[in-house]
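Numbering of ligands and ligand atoms starts at 1, following listing order.
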Amino acid sequence: MVVAAGNRILVTGALGQIGTELVEALRARFGTDTVVASDVRDLPNHPVVIDGPYRHLSVIDADAFDTVIVEENIGLVYHLAALLSATAEKNPELAERINIGGLVTVLEAARKHHLRVYAPSSIAVFGPDSPNHAPQVAPLNPTTVYGRTKVTGERLAMNYWRQYGVDIRGIRYPGLISYKAPAGGGTTDYAVDIFHAALKDGHYDCFVRADTRLPMMYMDDAIRATISLMDAPAESLGESRAGYNVAGISFTAAELADAVAARVPDFTCDFKPDVRQGYADSWPDSIDDELARQEWGWRAEYDLDALCDAMITGIQLSSI
Ligand code: AKB
């Protein structure tokens with residue numbers, strides 16, 4: 001039976017780094033009651049839990065997911081629940097269950113209940129054979145478990161779009177930098193941790209080499225990109241709708257440490273690469289986002305200076 005889509009929004013993984021800020025932005029735009037946050041975690045004092053509707057929900061429990069869709073009158077799902085690269089590498093089976101199995105739960109519910117879906121991909125879909133400046137259309141041969149789950153996710157999404165007309169969209173997020181909620185389990189987390197360590201300890205031991213260059217983005221740009229893509233008319237989106245490249249800023253770990261040192265007197269940084277260096281080395285340095293610019297008008301606003309200023313001010317103000 002096909003049930004007509006509701007008019008509320010569900011965010012999975014709402015207590016995570018992206019979810020915390022996406023819920024805040026969606027509630028500011030559509031009203032607190034319209035946006036139901038959900039997560040497998042129970043954090044009683046988290047701002048997302050305190051401020052509005054919250055459902056404790058595991059995305060691998062398809063029956064529970066279906067129940068929430070119906071009970072909460074959901075028409076649009078932002079599906080953010082996932083394991084990131086470093087955690088996925090340590091727990092490959094769990095990563096497949098959550099990143100692929102969880103997406104199947106959402107896609108099946110979307111087919112049944114006529115939901116619209118946002119499901120993010122990642123720059124981790126690219127592997128060592130991709131050009132350093134990664135084009136939209138390239139061979140996708142990632143060497144990380146996480147990257148492989150994201151390639152599968154993009155393909156599943158396109159199948160549901162082609163076969164069942166599920167309106168699903170996604171962005172290949174670069175490393176995301178923000179201060180409102182902790183980053184967790186990713187390779188690009190050093191670009192967040194460095195700010196907290198600089199302001200707390202005046203020193204950071206960075207787990208990638210100084211010359212490691214990766215695509216990154218400030219969270220405000222990522223939230224704007226996410227909402228703009230979901231606002232775009234369906235007819236403007238083509239064959240890359242499940243995984244648009246979006247570029248923000250590309251910098252090396254040393255360039256970031258220098259930019260932090262220019263703002264935090266006496267800050268020092270040592271570079272002590274660990275296993276995550278290998279994941280970083282398998283990803284491109286920068287991203288070609290021409291198609292996202294053409295099809296839905298994407299353009300990043302934050303450069304490295306604006307990002308560093310926003311991070312430092314944000315952390316300082318939130319610790320007062
Ligand atoms: C990670 O480092 O795993 C993520 C990503 C690049 O998707 N930030």
Exercise for the section: Would you mind running through ligand 1 and noting each atom that sits below 4.0 Å from a heavy atom of L84? Expected result: 3 (O)
Exercise for the section: Compute the shortest N/O to N/O distance between T187 and ligand 1 and return yes if it is under 3.5 Å, no if not. Expected result: yes
Handout entry: Hydrophobic cluster identity match, L304 and V208, side-chain contacts under 4.5 Å
Key = yes
Practice task
Would you kindly check if the NZ (Lys) or CZ (Arg) of R209 is within the cone defined by 45 degrees around the ring axis of F271 and under 6.0 Å from the six-membered ring centre?
Solution key: no
Practice task
Measure the distance from atom 8 (N) of ligand 1 to every protein heavy atom, then report the residue, atom name and distance (to 0.1 Å) of the closest one.
Solution key: T188 OG1, 2.8 Å
Handout entry: Residue R293 excluded, over 12 heavy atoms near CZ under 6.0 Å
Key = yes
Exercise for the section: Note the single closest protein heavy atom to atom 6 (C) of ligand 1, along with its residue, its atom name and the distance in Å. Expected result: S122 OG, 3.6 Å
Exercise for the section: Would you mind running through ligand 1 and noting each atom that sits below 4.0 Å from a heavy atom of G186? Expected result: 1 (C), 2 (O), 3 (O)
Practice task
Return yes when W283 approaches ligand 1 closer than 4.0 angstrom through a heavy atom, no otherwise.
Solution key: yes
Exercise for the section: Would you check if there is a donor-acceptor pair between the side chains of E154 and S121 at a distance under 3.5 Å? Expected result: yes
Practice task
Indicate, as side chain, backbone, both or neither, the part of Y279 found under 4.0 angstrom from ligand 1 when only non-hydrogen atoms are considered.
Solution key: neither
Practice task
Please determine if R276 forms a cation-pi arrangement with F207, meaning its NZ or CZ atom is less than 6.0 Å from the six-membered ring centre and no more than 45° off the ring axis.
Solution key: yes
Practice task
Check whether more than 12 heavy atoms from other residues, nucleotides or ligands sit under 6.0 Å from atom CG of D211, and answer yes or no.
Solution key: yes
Exercise for the section: Have a look at ligand 1 and work out which part of S85, if any, has a heavy atom under 4.0 Å from it: side chain, backbone, both or neither. Expected result: both
Exercise for the section: Just jot down the ligand 1 atoms closer than 4.0 angstrom to any heavy atom of Y146, in number order. Expected result: 3 (O), 5 (C), 7 (O)
Handout entry: K180 side-chain N/O to M219 backbone N/O, donor-acceptor pair under 3.5 Å
Key = no
